[in-house]
Amino acid sequence: MKTSTAARAFSAALIGLSITGAPKRAFADIKDYEFQLVEPTVQAGADRIVTLRLVNKKTGKPVSDAVIFASRLDMAPDGMQEMVTKVTPMSGTEPGTYRFKATFSMAGRWQLSVGAKVQGETGSVESKLLVTAQK
Ligand SMILES: [Cu+2]
């Protein structure tokens with residue numbers, strides 16, 4: 001009785017080991033990439049520019065030429081999911097930055113949801129960033 005319980009525990013430990021001991025991926029993973037807000041606040045009003053930086057967290061380097069395929073800006077953080085504003089992509093000013101133009105019709109917290117494809121990587125980077133519009 002005791003022996004078989006111990007044996008079972010031992011084999012369970014072995015299974016655990018084989019999972020955690022799996023070889024680590026040598027190549028970059030899509031999860032290594034992250035969008036960061038260059039400036040977390042904007043002035044409420046029309047045609048404000050929001051700048052994001054896409055970085056490889058492992059190297060700390062900016063990532064250029066990502067393809068933005070989705071973006072949405074709404075006031076979900078302040079309980080106004082239905083308050084959506086149009087987001088217009090603009091050309092970046094420096095490598096690894098991505099700029100968007102939007103109208104922040106109301107002061108408060110806005111959520112910028114963005115999706116992007118990175119050259120040479122499978123999957124996509126998806127991010128939700130909090131932008132605060134000030135009066
Ligand atoms: Cu609102």
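Side-chain atoms are counted along with the backbone in the values below, which use heavy atoms only and exclude waters and symmetry mates. Indexing begins at 1, ligand by ligand and atom by atom, following the structure's order.
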* Asked: Which residue pairs pass the side chain to side chain donor-acceptor pair (under 3.5 Å) test when at least one of the two sits in residues 69-94, sequence neighbours left out?
  -> R72-D74, D78-R109
Quick one: side chains of residues 125-135, donor-acceptor pairs under 3.5 Å with protein atoms, not counting sequence neighbours, listed by atom name and distance.
{"from": "E126", "atom 1": "OE2", "to": "S124", "atom 2": "OG", "distance (Å)": "3.1"}

* **Spacing of L37 atom CG and L52 atom CG [to the nearest 0.5 Å]** => 5.5 Å
* Asked: How many angstroms lie between atom NZ of K101 and atom CG of L73, to the nearest 0.5 angstrom?
  -> 14.0 Å
* To do: Apply side chain to side chain contact (heavy atoms under 4.5 Å, CB included) to V55 and list each qualifying residue two or more places apart in sequence or on a separate chain.
  => E34, Q36, R53
* **Side chains of V87 and V114 in contact at under 4.5 Å (non-hydrogen atoms)** => no
* Structure fact -> Within less than 2.8 Å of the Cu ion (ligand 1), the count of protein N, O or S atoms comes to 4
